[in-house]
Undergrad: 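Before I ask anything, here is the structure I am working with.
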Amino acid sequence: MKYTLAIHGGAGTILKEDMTPALEKAYTQGLQQALQKGYSVLEKGGTSMDAVIAATVELENNILFNAGRGSVFTKTGLHEMDAAVMNGIDMAAGAVCGVHNVRNPVELATAVMRNSEHVLLSGEGADVFARTQKITIEPDDYFYSQFRFDQWQAMRDSDDVALDHSTQQIIDKKFGTVGAVACDMHGNIAAATSTGGMTNKNYGRVGDSPLIGCGTYANNKTCAISCTGHGELFIKAVAAYDVSCLMEYAGMDLQDAMNKVVNEKLVAINGEGGMIGVDAKGNYALLFNCEGMYRGVKTSDGIEEVKIYR
Ligand code: ASP
């Protein structure tokens, strides 16, 4: 049976003219590595859940992406991270929001799913839970990067927030966040999303990524989805679940359902961003309504691509 892994590393106004060849190469390599990590799980007969975790951990460990290590600074100069996972076979889900010092928030979200009675743990409670699990905690320094710091310095005295991913001047139109969706050889699908949120975001702000149905969703009957973009609008659109509903109730296929949500519903409310999706037959789609999205896909029937721009 066909198996597929798709990943993203954020979407927004990502323009070739803003990118140096070295940076472009680094992003491409980062995506390729994550794709390989996740795909090798599928190749060995592993589950879609383990594949999306493996790919997401790799992206969280890469300082270029706004998740885990590369998370943006909040208004108070901290890092508050959100993550979620969902399993299509049984609709098991786990999520965390506003967590600190956790090396891989996607692993903590997985621990919530596997080892607690809950779906979503927030802030201090999630941090305390992390210490009861085999979760690696890192000092503040681990999350420091000069370009994120400079990005925040440029904004900290204002009330602006940026959904941002970049070192560039145009910082109001770029999104971070990482995610993965997979269909394994047993026909089960899963999704994972992880983010540092928005530069200069308010203490306690939570985006769409850890909210099941908004930024992350999986159901074997329909699709597995991971979103990136302007979280507030993706929450209002209940974006990931809307794709599932269009498939379940209106009989659309994955591509058409995602197209409707990304290019019609979200556009109508200025919800800039994109999403990746798979169904239980291994079909995939990678769609966005802005200039670019860091993205990649690899399938058992030989497709392998990593792309940044439109
Ligand atoms: N959706 C994320 C959030 O609003 C940001 C992003 O995708 O870059 O937190």
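Source: prediction; values computed, not measured. Just follow the structure's listing: the first ligand is 1, and inside any ligand the first atom is 1.
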Undergrad: Provide the number and element of each atom of ligand 1 under 4.0 Å from a heavy atom of D208.
TA: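 Checking each atom against D208, I get 1 (N), 2 (C), 3 (C), 4 (O).
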Undergrad: Compute both the distance and the angle, then confirm whether R69 meets the cation-pi test with Y142: under 6.0 Å from the six-membered ring centre, within 45 degrees of the axis.
TA: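 Yes.
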Undergrad: Would you say ligand 1 has an N or O under 3.5 Å from any N or O of T228?
TA: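 T228 vs ligand 1: N/O contact under 3.5 Å present.
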Undergrad: Could you establish whether G215 and ligand 1 come within less than 4.0 Å of each other, counting only heavy atoms on the residue side?
TA: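 It does not; every heavy atom stays at 4.0 Å or beyond.
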Undergrad: Below 3.5 angstrom, do we get any N/O pair linking G231 and ligand 1?
TA: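 Checking ligand 1 against G231, an N or O pair does fall under 3.5 Å apart.
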Undergrad: Have T299 and T4 got a donor and an acceptor in their side chains that come within less than 3.5 Å?
TA: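 Note: T299 and T4 side chains miss the donor-acceptor criterion.
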Undergrad: Polar contacts were defined as any N/O atom of the residue lying under 3.5 Å from an N/O atom of the ligand; does this apply to D82 and ligand 1?
TA: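 Checking ligand 1 against D82, no N or O pair falls under 3.5 Å apart.
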Undergrad: Quick one: does G197 get a heavy atom under 4.0 Å from ligand 1?
TA: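 Yes; G197 lies near enough to ligand 1 that a heavy-atom distance drops under 4.0 Å.
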Undergrad: Would you sort out whether F65 and Y27 count as a ring-ring contact (aromatic ring centres under 6.0 Å, His included), showing the intermediate values?
TA: CA-CA 8 Å; F65 298 101; Y27 275 114; 5.5 Å; yes
Undergrad: Kindly confirm or rule out a cation-pi arrangement of K16 over Y309, judged by NZ or CZ under 6.0 Å from the six-membered ring centre and within 45° of its axis?
TA: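 So K16 doesn't make the cation-pi contact.
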Undergrad: Please state which option from M275, R205, H230, E232 has its nearest heavy atom closest to atom 3 (C) of ligand 1.
TA: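 Comparing heavy atoms across M275, R205, H230, E232, the nearest one to atom 3 (C) of ligand 1 lies in R205.
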Undergrad: Does S209 offer a backbone N or O that forms a donor-acceptor pair with the side chain of D82 under 3.5 Å?
TA: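 No, the answer is negative, given that no donor and acceptor are paired below the 3.5 Å cut-off.
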Undergrad: Could you list who else is in V297's hydrophobic cluster, with ILVMFWY side chains joined at under 4.5 Å, directly or through other members?
TA: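 Cluster partners of V297: V181, I189, I276, V278, Y284, L286, F288, M293, I303.
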